[in-house]
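Everything on this sheet refers to the single structure shown next.
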2 protein chains.
Amino acid sequence: MSLPHAILTALLEKPSSGLELTRRFDRSIGYFWSATHQQIYRELGRLEADGHIRALPTAQPARGQRKSYEVLEAGRAELARWTAASQDPKPYRDALLLRLRAAAVVGGTGIEPDLRRHLDLHQRQLAEYEAIEKRDFPPGRDTPQDRLQHLVLRAGIDLETFWTQWLSHALTEFTHLGDLADFDGHDDPDGPDGPDGTM
Amino acid sequence: MSLPHAILTALLEKPSSGLELTRRFDRSIGYFWSATHQQIYRELGRLEADGHIRALPTAQPARGQRKSYEVLEAGRAELARWTAASQDPKPYRDALLLRLRAAAVVGGTGIEPDLRRHLDLHQRQLAEYEAIEKRDFPPGRDTPQDRLQHLVLRAGIDLETFWTQWLSHALTEFTHLGDLADFDGHDDPDGPDGPDGTM
DNA sequence: CGGTTCATGTAACTAGTTACATGATTTT
DNA sequence: AAAATCATGTAACTAGTTACATGAACCG
């Protein structure tokens with residue numbers, strides 16, 4: 001149940017309408033908790049029904065009219081509770097690693113273009129994060145809020161750095177593999193009871 | 001749609017029953033595509049209906065009787081197709097980073113114990129991966145299959161390394177923050193229109 | 001023979017995704 | 001005034017999670 005809390009955080013930082021939230025999710029919060037506008041509108045409805053947020057009274061609510069929300073005290077309390085509560089990390093899922101493992105079994109040169117594409121995407125994301133760091137976190141400012149937000153951004157930067165490095169390494173491995181003959185994974189020299197191991 | 005392909009990969013490596021698959025997901029494939037036994041049984045049913053796998057004829061199918069599956073040619077073809085097909089990375093979601101950002105807004109010392117707990121979990125996972133590397137990938141063996149599987153394992157190791165380092169860094173930040181007075185995020189000295197920035 | 005574990009499954013629910021609908025505003 | 005785009009929303013679907021059910025085997 002993280003989406004409502006992501007929205008509460010965003011609204012505390014700045015009261016917004018559904019569309020503004022959607023845009024902010026695209027370029028800020030969404031970097032580590034993405035959401036589509038459909039999810040956001042649905043969740044705004046629930047948060048309002050629960051008394052965690054309310055529409056700012058200034059704008060009248062009509063279809064096609066923008067409606068801004070602010071967080072109520074109950075919403076802030078709920079967010080603080082959730083932030084401090086212990087949570088297990090959710091099970092990890094990564095399709096690209098899975099595909100690579102599948103490639104080891106059915107033969108793998110086909111992924112190479114997609115590895116290249118992913119490398120490019122991660123490089124762009126890394127560049128974006130670094131630009132944000134340069135712009136929003138100059139050496140001077142040093143409030144606790146700044147420190148925490150910077151910490152989060154550092155996680156993003158380090159993660160993207162990891163992926164670009166790993167993907168580069170994977171691609172060089174692939175060019176080496178290209179040299180080796182008989183790489184289609186079909187004729188298993190070990191037979192069906194080969195070294196399955198654990199990983 | 002990755003789960004069926006994760007199962008096909010596992011079954012190609014070694015034909016298994018539902019429970020065996022569940023166990024293997026717990027300690028191998030599940031490291032990067034986790035699944036519960038309920039998901040696995042449901043998916044085995046679908047894969048069989050689609051003609052991608054079949055139950056080994058040896059064991060009779062009765063409730064409480066173990067039933068092993070093997071991959072049919074159609075299943076292998078589907079897996080090869082999926083492996084080579086281009087796929088967009090799925091939107092990233094990380095509750096811990098979100099909570100840290102929330103902590104910057106509502107006040108944050110409450111997360112610290114959970115950061116410690118996560119650090120411990122990641123350290124254990126890292127140790128497990130390193131043990132697997134030592135056991136399954138000694139310097140000698142060097143088939144393309146080995147290379148690919150090792151590459152996947154390296155991703156796991158490097159990811160866990162990143163998390164342990166980042167969490168350690170985050171925790172030292174927190175002890176520094178403890179020194180600073182008035183860290184509850186409630187009294188925003190910038191007012192509601194402070195430096196929202198982009199991140 | 002009564003309780004625990006093994007093995008397979010069902011049912012209900014929750015979160016996220018995809019496709020589409022509709023009124024308001026702005027542009028040509 | 002027609003077309004495009006803005007802003008909010010609905011509906012249907014898919015994947016993943018949680019809770020529970022049931023027969024078989026095994027253990028004291």
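Here is the naming used below: chain letters follow the sequence lines, and residue numbers restart at 1 for every chain.
Among the nucleotides dT8(D), dT10(C), dT8(C), the one closest to the side chain of Gln38(B) is dT10(C). Of the candidates dG16(C), dG16(D), dT8(D), the closest approach to any side-chain atom of Ser17(A) belongs to dT8(D). Across dA15(C), dT18(D), dT18(C), the shortest atom-to-atom separation from the side chain of Thr36(B) is found for dT18(D). Among the nucleotides dG9(C), dT18(C), dT8(D), the one closest to the side chain of Leu19(A) is dT8(D). Set against dT17(C), dT8(C), dA15(D), the side chain of Gln39(A) has dT17(C) as its closest nucleotide. The side chain of Arg23(B) approaches dA7(C) more closely than any other nucleotide in the set dG16(D), dA7(C), dG16(C).
In terms of the side-chain contact (heavy atoms from CB on, under 4.5 Å) criterion, residue partners of Ser168(B) (sequence neighbours excluded) are, by chain and number, Leu119(B). Listed by chain and number, the residues in a salt bridge (Lys or Arg N to Asp or Glu O under 4.0 Å) with Arg81(B) are Glu78(B) (sequence neighbours excluded).
A straight line from CZ of Arg46(A) to P of dG9(D) spans 14 Å, rounded to a whole angstrom. The separation between Leu44(B) atom CG and dT8(C) atom C1' is 11 Å, rounded to whole Å. Whole-Å rounding puts the Asp26(A) CG to dC6(D) P distance at 13 Å. Rounded to whole Å, atom C1' of dG9(C) lies 14 Å from atom CD of Glu48(B). The nearest whole Å value for the distance from the CG atom in Leu21(A) to the P atom in dC6(D) is 17 Å. Between the CD atom of Glu43(B) and the C1' atom of dT10(C) there is a distance of 16 Å, rounded to whole Å.
Between the side chain of Arg24(A) and the main chain of Ala10(A), a donor-acceptor pair closer than 3.5 Å is present. Ser34(A) places no side-chain N or O within 3.5 Å of a backbone atom of Gly30(A) that could act as its donor or acceptor partner. Checked by atom type and distance alone, the side chain of His118(B) pairs as donor or acceptor with a backbone atom of Asp114(B) at under 3.5 Å.
Contact check of residues 83-96 of chain B against DNA chain C (heavy atom, cut-off under 4.0 Å) returns Pro91(B), Arg93(B).
No side-chain donor-acceptor contact under 3.5 Å links Arg93(A) and Ser2(B).
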Original post:
Do His169(B) and Leu151(A) pass the side chain to side chain contact (heavy atoms under 4.5 Å, CB included) test, and can you show the C-alpha distance, the side-chain angles, and the key distance before you say yes or no?
Top reply: CA-CA 9 Å; His169(B) 177 58; Leu151(A) 201 53; 3.5 Å; yes

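For His37(B) and Arg42(B), each mapped to the nucleotide of DNA chain C holding its nearest heavy atom, the one lying further toward the 5' end belongs to His37(B).
When the side-chain nitrogen and oxygen atoms of Tyr41(A) are compared with OP1 and OP2 of dT8(D), one or more of them lie within a distance under 4.0 Å.
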